[in-house]
There are 2 protein chains.
Amino acid sequence: MHNQPHNHIVKSYDEELQRLTGEIVRMGEIAVYQLGAAIDVLDRRDSRAAERVIANDDAIDVLEHDVSHGVLRLLALRQPMARDLRDVLAALRIAAAIERIGDYAANVAKRTMTLNMHPPVAPARGLRTLADIASGMVNDVLRAYQERDADLARAVRERDAELDTLHTSLFRELLTYMMEDPRTISSCAHLLFMAKNIERIGDHATNIAENVWFLVHGEELQGERDKRDDSSAPAP
Amino acid sequence: MHNQPHNHIVKSYDEELQRLTGEIVRMGEIAVYQLGAAIDVLDRRDSRAAERVIANDDAIDVLEHDVSHGVLRLLALRQPMARDLRDVLAALRIAAAIERIGDYAANVAKRTMTLNMHPPVAPARGLRTLADIASGMVNDVLRAYQERDADLARAVRERDAELDTLHTSLFRELLTYMMEDPRTISSCAHLLFMAKNIERIGDHATNIAENVWFLVHGEELQGERDKRDDSSAPAP
């Protein structure tokens, strides 16, 4: 430990970083809640509730702005040492990823409003399974971030393959459904985008996981990259 | 002006910021090139060329990493004053937006490879018009960033409505095409996602424009927000 003033600066830096980590985790919890709410309104075909989910997304955007500013101000309290840069970069990137997750959840809610103008189609049920996996990934990666648990982060990344596989099979199911009954094409097209949104939430959880790994270990997580573009392949 | 050492720090900060701005603009130019190349491979049905576009995306990702690190190191040269925080935040956000634009361009290229397994469908031609507008927006917003031209940035944001309208009409055309000839459903589904990718490029150009405005004026650009989720509405 160093002299008193330096020590004081170090302490307030750590406290402030911890506070911001808490804010980021709360942002993430709101995003997970939003995804669950979006799937509920899909089931209930409740356009009013969908509007509330869409409106709630602003709260996440506002938090992301606050976190970004707070995190950057933090950097000025320190010399630019390797670990501090990693903390700051990770916080910024994770907050941005959560903001995107919130956008995807809001987009799912928004498309339910269009679906409600048409008769229900059966493959819509498949979205809940996708959403449950994606939510689980986001919850776990938030915990990995809060506890700086790189192994948990790696485990989250590995689950993304499962989500991709399920997404591919839902994609095919939707195409088949459209071919068998062209009257469902419009609804199924929206469901394709909703499924894709949820698959992208998994990509962002993976991206957060990679940031947690980098934060803890100071090097990139090796092995399979996140399958950001996989949905381009699954077509029959 | 202050004493010599301070002056020296200030100068190197400005020079470094200018260098990083140049890097970010170069990233953006690569992203625009990538989008054009993706549309060319769509026309030519050339899967080899598509693979090259996909591989090139790594160059943008590497640049984005470098820029993020460089920009954050910069902050340590200064006290955290308002304008500096704006510079740093804008650079980080703009680099991230360009990285996403590159991803979307690569995704368009990737989906052409699936399209090449099926007979061509006519509405594919509509993608070039969308891509031309999106590329023009990205080019102009890069210039707005380089020249700190807030009015040009605002003009870019206004063009996003035109892109959204065209996207909506291509979306409807594709759905109609699918309904009339269910054998095209798989190809058209990929074209829906490709059109959406290009529409999202316009959203990111708009996002960059808003960052340029904020950078110059220190306050948010008022009026219509970017229509990130509009694609949920256009279904018939």
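Here the structure is a predicted model, which is why all the values come from computation and not from measurement. Each chain gets a letter, A, B and so on, in the order the sequences are listed, and its residues count up from 1.
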Heavy-atom cut-off 4.5 Å, strictly under: side chain, backbone, both or neither for B:Arg93 against chain A? side chain
Can you measure from [atom1] ([X]) to [atom2] ([Y]) and round to the nearest 0.5 angstrom?
X: A:His65; Y: B:Glu220; atom1: NE2; atom2: CD; value: 4.5 Å
X: A:Leu175; Y: B:His190; atom1: CG; atom2: NE2; value: 7.0 Å
X: A:Met178; Y: B:Met179; atom1: CE; atom2: CE; value: 8.0 Å

Could you check whether the rings of A:Phe214 and B:His69 sit parallel, tilted or perpendicular, using 30° and 60° as the cut-offs? perpendicular
Using non-hydrogen atoms only, which part of A:Leu92 is less than 4.5 Å away from chain B: side chain, backbone, both, or neither? side chain
Within the supplied structure, the quantity of interest is the number of heavy atoms (other residues, nucleotides, ligands) at a distance under 6.0 Å from B:Arg183 CZ; does it exceed 12? no
